[in-house]
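Notes follow the structure.
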Number of protein chains: 2
Amino acid sequence: MDSPIIAKAPVRTASLGKREQTKVQNREIILDAARKVFGELGFGATTVRDIIRATPLASGTFYNYFKSKEEVFQAIQDEMALTLRPRLRDERLKAKTVEEFISSTFRSFMEFVAEDHVSVRTIRHTADTTRVRIHTPEIVAGFEELREDIEKAIAQGLFPPVDADYLMASIVGVAFEVADRMMTREHRDPAAAAAFATALFVGGIRMLPHADHPAAKTGTA
Amino acid sequence: MDSPIIAKAPVRTASLGKREQTKVQNREIILDAARKVFGELGFGATTVRDIIRATPLASGTFYNYFKSKEEVFQAIQDEMALTLRPRLRDERLKAKTVEEFISSTFRSFMEFVAEDHVSVRTIRHTADTTRVRIHTPEIVAGFEELREDIEKAIAQGLFPPVDADYLMASIVGVAFEVADRMMTREHRDPAAAAAFATALFVGGIRMLPHADHPAAKTGTA
DNA sequence: ACGATTGGTGACGGGTCGTCAATTTCCGGT
DNA sequence: ACCGGAAATTGACGACCCGTCACCAATCGT
């Protein structure tokens, strides 16, 4: 197999067969084109044709890799989630106090959004008024993970026994919405945005109603 | 004009000309059909054709009323915003304390979402994973209004001098995200959801960094 | 009662969708 | 080095959607 003559070894792409190689390449070509086109036209306005047109490939080839533009979008989002999720989890596990738990989450998130503005802006800041948010399996898993970590923190006595589901939802809502605002500002400051969100939760968690059982049900009044 | 014979007065649709009457009717017919179809297929999957097909009208007629499915969606959202916005504002203006300000906002919002689950579910809970949020002029105005009210409250010394923009964004994020969770629960309890969100902010606002000037800029560290 | 005007109708050209038979490219065995 | 089979690419195709517009019916003002 490995002939003594190494000369024409195909670049060095992990030495896969040519087949697998172009497969990976084409996938990336499509994703890159999609990022570009989504950024220019917005998610709603782009068509599968727009994406392949920004590519040297034929229309049929697209469907060998993705079922629809939605699936491409998902893949792009998943790529981001895959970067961010382990980072967040690691930092949360290291947290010894409520403040550390919360602040590490927001700091990582805001920094990621600010740094990766290429992708994020391309995707989220898309068109004018229409925001699309896809709940990728990977992203949903990230949310669940946060909720589990909150539950764990409650079990360890780090957090008071609050409604973990609502707390997770609140963190997610604040993270996304404040990040969005941050990106519209002239002087982007992820640290300040994270500090704001952190203070809100660190101060607020103490006041939260205590839910003795996981399934929280307070009376009507 | 008003002949003595009232008998066949056309229902009582504000006694407009027949022309204006069917105009209003058709608009409502389209909106109803749209609500139904969006609920069944989700926003992304529905086409303008699907909407008119759920209607006795012809395809061309649709475009006499709306430019696109996006515009129909906007109209539906605006209708909701138009109901909710004055309610929220009134209650906020009556608020004498931080607690009243925050709790009235969340209570009204959560109750509205819970009551109007027909519309809200039809629209927001649309497909499986793809959430679409359109920033209607009316909705954006509602956000701005909240921010202004916060600024007013700060000026009056009701609130500490926090970053009104981020605070507004946080309230919006928590409201939407917690409401979403609330709707997935078996035992929907708007009061509990509102209480949770209120406690979070009432407790948290005290800890928020004080922004002396409206344009908040903390150093990098 | 009658012309003017408004608004509904549905067919049309242009474009997208997802598919599929034909073709090219790659791989492994001889 | 060559060849046959597998795998992937290609682009044309029928079905459908889009937004428009000439045509026609209903309504209005007089």
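In this text the structure is predicted, and so the values were computed from the model without any measurement. Convention: sequence-line order gives letters A, B, ...; per-chain numbering from 1.
Per the geometry, CD belonging to A/Gln21 stands 14 Å off C1' belonging to C/dT25, to the nearest Å. Rounding to whole angstrom units, CD of residue A/Glu70 and P of C/dT16 are separated by 16 Å. Here the C1' atom of nucleotide C/dG7 and the CG atom of B/Asn26 are 9 Å apart, to the nearest Å. Put simply, CG on B/Leu57 is 8 Å from P on C/dG8, counting in whole angstrom units. Rounded to whole Å, the distance from CZ on A/Phe62 to C1' on C/dC17 is 11 Å. The interatomic distance linking A/Lys23 (NZ) with C/dC26 (P) rounds to 14 Å, in whole Å.
For B/Arg35 and B/Glu28, the salt-bridge test passes: some basic side-chain N is under 4.0 Å from an acidic carboxylate O.
Where the helix from C/dA1-D/dT30 to C/dT30-D/dA1 starts and where it ends, the local axes point in directions that differ by 20°; five pairs per end, rounded to 10°.
Nearest approach of A/Lys69 to A/Phe62, heavy atoms of both residues: N-CZ, 4.4 Å. Minimum interatomic distance between A/Ala81 and A/Glu138 (heavy atoms only, all atoms of both residues): CB-CG, 3.4 Å.
Of the candidates C/dG7, C/dA11, C/dG18, the closest approach to any side-chain atom of B/Asn64 belongs to C/dG7.
Taking the six-membered ring for Trp and thresholds of 30 and 60 degrees, A/Phe106 and A/Phe201 have ring planes inclined between 30 and 60 degrees apart. Below 30°, between 30° and 60°, or above 60°: for B/Phe159 and B/Phe101 the angle between ring planes is above 60°, a perpendicular geometry.
Because its NZ or CZ atom is not both nearer than 6.0 Å to the ring centre of A/Phe176 and within 45° of the ring axis, A/Arg131 does not count as a cation-pi partner of that residue.
Annotation: of the two residues near DNA chain C, A/Ser59 and A/Arg53, the 5′-most nearest-nucleotide partner is A/Arg53. Between B/Thr46 and B/Glu20, it is B/Thr46 whose nearest contact on DNA chain D lies nearer the 5' terminus. Nearest-nucleotide positions on DNA chain C place B/Arg19 closer to the 5' end than the other of A/Thr22 and B/Arg19.
B/Thr61 comes within contact range of at least one nucleobase, with a heavy-atom separation under 4.0 Å. Contact annotation for B/Tyr65: backbone-only contact, meaning every heavy-atom pair under 4.0 Å involves sugar-phosphate atoms and none involves a base.
Looking at B/Val172 and B/Met168, their side chains come closer than 4.5 Å, going by heavy atoms from C-beta outward.
On the nucleic acid side, DNA chain D has its first and last nucleotide under 4.0 Å of a heavy atom of chain B at D/dC17 to D/dC28, going 5' to 3'.
Legend: residues meeting side-chain contact (heavy atoms from CB on, under 4.5 Å) with A/Arg49, ordered by chain and number and at least two apart, are A/Thr47, A/Ile52, A/Arg53, A/Ser59, A/Tyr63.
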How far apart are the C-alpha atoms of A/Leu146 and A/Ile150, what are their side-chain angles, what is the distance that settles it, and do they pass the side-chain contact (heavy atoms from CB on, under 4.5 Å) test? CA-CA 6 Å; A/Leu146 171 55; A/Ile150 291 171; 4.1 Å; yes
